[in-house]
A.B. asks: 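The structure that follows is given in the form of structure tokens.
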Number of protein chains: 2
Amino acid sequence: MSLPLGASTDRPATIHDVAALSGVAASTVSRALSTPERVNIRTRVKIEAAAAQLHYIPNSQAKALSSGRTGAVAVLVADITNPFYFDIIRGTQLQLKAAGYTQLLVDTEESEDVEAGALEQLRRTADGVILTASRLSDEDLLAASAKLPIVTINREVDGIPSVILDTPTATNQALDHLISLGHTKIAYIAGPDASMSSHRRWQALEPAALERNVEVRKLGPFAPRTHSGAAAADAAVHSGATAAIVFNDLIAIGMLQRLRERGVAVPADMSIVGCDDIFGADFCSPPLTTVTAPVEQAGRTAVTMLLGQISPQFSATARRQAVLPTFLTIRASTGPAPLPPAQRV
Amino acid sequence: MSLPLGASTDRPATIHDVAALSGVAASTVSRALSTPERVNIRTRVKIEAAAAQLHYIPNSQAKALSSGRTGAVAVLVADITNPFYFDIIRGTQLQLKAAGYTQLLVDTEESEDVEAGALEQLRRTADGVILTASRLSDEDLLAASAKLPIVTINREVDGIPSVILDTPTATNQALDHLISLGHTKIAYIAGPDASMSSHRRWQALEPAALERNVEVRKLGPFAPRTHSGAAAADAAVHSGATAAIVFNDLIAIGMLQRLRERGVAVPADMSIVGCDDIFGADFCSPPLTTVTAPVEQAGRTAVTMLLGQISPQFSATARRQAVLPTFLTIRASTGPAPLPPAQRV
DNA sequence: AACTCGTTGACAACCGATTGCCAAATCATG
DNA sequence: CATGATTTGGCAATCGGTTGTCAACGAGTT
């Protein structure tokens, strides 16, 4: 395809140009394009022809200014370079484009301040916001949602629609998996203190461990980066655990690297379970046993919910809560517990 | 930090609210905020206080409409989920934020049509565009650049500022590396036909191979995805090559997986060199020998160039061309060429 | 042909800023 | 103290659309 040249060496056509060319008023052009059924079919055809001829593209700024709707939805992520968000971004992008919306991607740099500031800005710029792993307090979130339609992902606040990836259930599955392999001393490598997901998993894990009569110790917090994996690995080894359930794959992969450096064999000496099943989890060494979540679907679902809030035309199918199931994917980073030193000789 | 609540339960403050509160005209408020030196210091203080009290945030749509500047820069990438772009995105995001600009991220889905359409749209929405790995023809690119400031990354067109990652030099280095290991039959796994980078590398590789008297065969094209790696691996094996220089790490990692499935040992039976040094290249198995490029810096440089075009205040430092050096990172996926079958027994 | 009813299209106000132009105010100077 | 030079501040037009209001028009009915 070729860019439409020729007619448009000058400035882009406005609605007035289209009106002049088709011999009607500007308002008629506006109506013909936004509510075609309220305009005579002949006039409409004439206007559409003129618009096509001039390559007319409505100015979205002007549209937003006069109508109050921007046609944009913001997606806030904590860290653009965290592969976990790729699929969210792709999912939202896909669904938004299909509905004729534009995606505004904002990186909050894992900072509450940046997140709050962006939210305030966005109030004018976007018709709604999708918040992933928000760092804000419940009160701030509620206050923000009073001003602007919001859907959260992996964060539950009463009164705010949300999409939750049910990782706690799967981490408990992971616990059973490890127990069945003979592990009795297990570490939980926690994520940032501000992370709801990390808390929820621990809250599920702790009672489950008690019930099954195994020891699970919480270590951390650790930043969700591969290089935090070194500290996490050292902590896990030092704790005497033979297996670790890790906040996310980024840290888990970092641990894999560190353990290899230290000569700790995975899974012979220590088993590792990650979470998220990000890009790379299947080809790291050894391939990571991890909790697989339908992340892209979470993005799509969040968009659907948000659009339901924003525009009545989508609201028929609108739910306000969704819990998406996850499952344990077993690869090669988990194996039988090593024999205790006493029994070795 | 807490969201600024209280005063703003109602709609956001406008410039008129600020003007009313401080007892001046709206235009004075506008001037006080954009050209402070042209306003009496006392008035200015009064206005600033009022603005702060009302949590005034200028409406960017209105600003764009009246001033013609949107304060946004679009970054077009072929595929958001390709890790190569992560660092570009991070680099541009960083630099744009520092300059007070907003980043508009657009996924062109590797499609020329989508790219052209987006460019046309963006003409009103963004002050400039950064194009990564454009699929457009030179003519279309030039036409587009006449309407809107453009900087390209990895694409050279006369008259358009560009940032080039000098991968051809490094792939030739890779060639020498392989030759020094004894390889004489080498495959070049090509990227999409529309990719300039792939062409440039081949154009450097072919004469170099001739000169060094080794055989380099071009195979492909292959889509820049991990799953294309399977076909690429099979093609490489079938060609009889003992080493492959691969268009990018995504394909290279896919090849690694496929080769393992087929029982072809890397690097014992075949050596692999990737390109880009993406996330995962260091922890795949075996870790990938690859061409490391300063991708994030490319993003930053592109922004600097673009801003130089857009606003005179940055133009002092503006260059119009930049070629960024890359280097070969040797990991474990390359090794000595296997002995020819005849010599084995 | 007169009348009603329902459509269709034009006018104008408005969204929230920027900016050119001019008048008022300030200040320095003779 | 009057005058001119220089600031400083306000009015109003403008950006490109949307949308409420209302007049004009055409079709259908009697």
Side-chain angles (χ1 to χ4, degrees), chain A residues 8 10-48 50-51 54-72 121-127 311, chain B residues 8 10-48 50-51 54-72 100 102 121-127 311:
Chain A
S8 46
D10 35 48
R11 79 168 65 76
T14 74
I15 201 170
H16 296 100
D17 300 329
V18 177
L21 183 59
S22 45
V24 300
S27 59
T28 306
V29 175
S30 173
R31 285 213 177 74
L33 298 177
S34 54
T35 50
E37 71 281 2
R38 302 205 32 76
V39 146
N40 184 300
I41 179 74
R42 288 189 316 247
T43 323
R44 195 172 95 210
V45 167
K46 212 164 49 183
I47 290 174
E48 281 166 354
L54 296 173
H55 297 120
Y56 169 66
I57 297 178
N59 180 323
S60 54
Q61 326 274 346
K63 215 164 174 168
L65 190 55
S66 55
S67 71
R69 280 164 279 112
T70 64
Q121 278 285 357
L122 254 16
R123 196 172 164 190
R124 324 284 294 260
T125 313
D127 292 345
S311 90
Chain B
S8 48
D10 34 50
R11 79 167 65 76
T14 74
I15 202 170
H16 296 101
D17 301 329
V18 178
L21 184 58
S22 45
V24 300
S27 58
T28 306
V29 175
S30 174
R31 286 213 179 74
L33 298 176
S34 53
T35 50
E37 71 280 3
R38 304 209 25 81
V39 144
N40 183 302
I41 178 72
R42 289 190 315 249
T43 323
R44 196 173 95 209
V45 167
K46 213 164 49 181
I47 291 174
E48 281 166 352
L54 295 173
H55 297 120
Y56 170 66
I57 296 177
N59 181 323
S60 54
Q61 326 274 346
K63 216 165 173 167
L65 190 54
S66 56
S67 71
R69 281 165 278 112
T70 64
T102 297
Q121 278 283 355
L122 254 17
R123 196 172 162 190
R124 324 285 293 260
T125 312
D127 292 345
S311 88

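The figures here come from the full heavy-atom set of this structure, side chains too, leaving out hydrogens, waters and symmetry mates. If you're wondering where the values come from, they're calculated on a predicted model, not measured in any experiment. Protein chains get the first letters and strands the later ones, always in sequence-line order, with residue 1 at the start of each.
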A.B. asks: How close or far is atom C1' of D:dT14 from atom NZ of B:Lys63, stated in whole angstroms?
C.D. replies: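 One finds 17 Å between C1' of D:dT14 and NZ of B:Lys63, rounded.
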A.B. asks: For B:Ala64 and B:Thr70, work out which heavy atoms get closest and say how close.
C.D. replies: CB-CA, 3.9 Å
A.B. asks: Starting the side chain at C-beta, find the nucleotide from D:dG16, C:dG16, D:dC11 nearest to B:Ser66.
C.D. replies: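 Of all the options, the side chain of B:Ser66 is nearest to C:dG16.
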A.B. asks: Once you apply a heavy-atom cut-off of 4.0 Å, does B:Arg69 come out as touching a base, just sugar-phosphate, or nothing?
C.D. replies: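 The residue B:Arg69 makes sugar-phosphate contact but no base contact.
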A.B. asks: List the atom of A:Pro36, the atom of A:Arg44, and the distance in Å for their closest heavy-atom pair.
C.D. replies: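 For A:Pro36 versus A:Arg44, the nearest heavy atoms are O-NH1, 3.4 Å.
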A.B. asks: Which whole-number value in Å describes the distance from B:Arg38 CZ to C:dT18 P?
C.D. replies: 15 Å
A.B. asks: If you check the B:Arg31 side chain, which of C:dC21, C:dT18, C:dA12 turns out closest?
C.D. replies: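 Selected nucleotide: C:dC21.
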A.B. asks: Relative to the 5' end of DNA chain D, which residue comes earlier, B:Glu37 or B:Ala62, by the nucleotide with the nearest heavy atom?
C.D. replies: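 With B:Glu37 and B:Ala62 compared, the 5'-side residue is B:Glu37.
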A.B. asks: Does D:dT18 have OP1 or OP2 sitting under 4.0 Å from an N or O in the side chain of A:Ser30?
C.D. replies: yes
A.B. asks: Of all the choices, D:dG9, D:dG16, C:dA17, which nucleotide is nearest to the side chain of B:Thr43 once you look at every atom?
C.D. replies: D:dG9
A.B. asks: Counting distance alone, no hydrogens or angles: does the base of C:dC11 have a donor or acceptor under 3.5 Å from a partner atom on the side chain of A:Ser27?
C.D. replies: yes
A.B. asks: Nearest to the side chain of A:Thr28, heavy atoms from C-beta on, is which of C:dG9, D:dT8, C:dT18?
C.D. replies: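 Within the option list, the nearest is C:dG9.
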A.B. asks: Counting heavy atoms from C-beta on, name the nucleotide in D:dG9, D:dG17, C:dA17 closest to the side chain of A:Arg124.
C.D. replies: C:dA17
A.B. asks: Nearest to the A:Val24 side chain among C:dA10, D:dG9, D:dT18, which nucleotide is it?
C.D. replies: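 The answer is C:dA10.
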A.B. asks: Evaluate the side chain to side chain contact (heavy atoms under 4.5 Å, CB included) criterion for residues A:Asn59 and A:Thr14: first the C-alpha distance (whole Å), next the side-chain angles of each, then the deciding distance (0.1 Å), finally the verdict.
C.D. replies: CA-CA 8 Å; A:Asn59 180 323; A:Thr14 74; over 6 Å; no
A.B. asks: Please report the distance, rounded to the nearest Å, between CD1 in B:Ile47 and C1' in D:dG9.
C.D. replies: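 Those two atoms, CD1 and C1', are 10 Å apart.
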A.B. asks: For the side chain of B:Asn59, counting heavy atoms from C-beta on, which of D:dG16, C:dG16, D:dT18 is nearest?
C.D. replies: C:dG16
A.B. asks: In this structure, how many angstroms lie between the C1' atom of D:dG16 and the OH atom of A:Tyr56, rounded?
C.D. replies: 8 Å
A.B. asks: Roughly how many Å is it from CG in B:Leu65 to P in D:dG17, rounded to a whole number?
C.D. replies: 9 Å
A.B. asks: What integer distance in Å separates B:His16:NE2 from C:dC15:P?
C.D. replies: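 Rounded to whole Å, this separation is 9 Å.
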A.B. asks: So, do A:Pro12 and A:Ile57 sit near enough that their side-chain heavy atoms are less than 4.5 Å apart?
C.D. replies: no
A.B. asks: Starting from C1' on C:dT18, measure out to CD on B:Gln61 and report it in whole angstrom.
C.D. replies: 15 Å
A.B. asks: For A:Asn40 and C:dT8, give me the distance from atom CG to atom P, rounded to whole Å.
C.D. replies: 6 Å
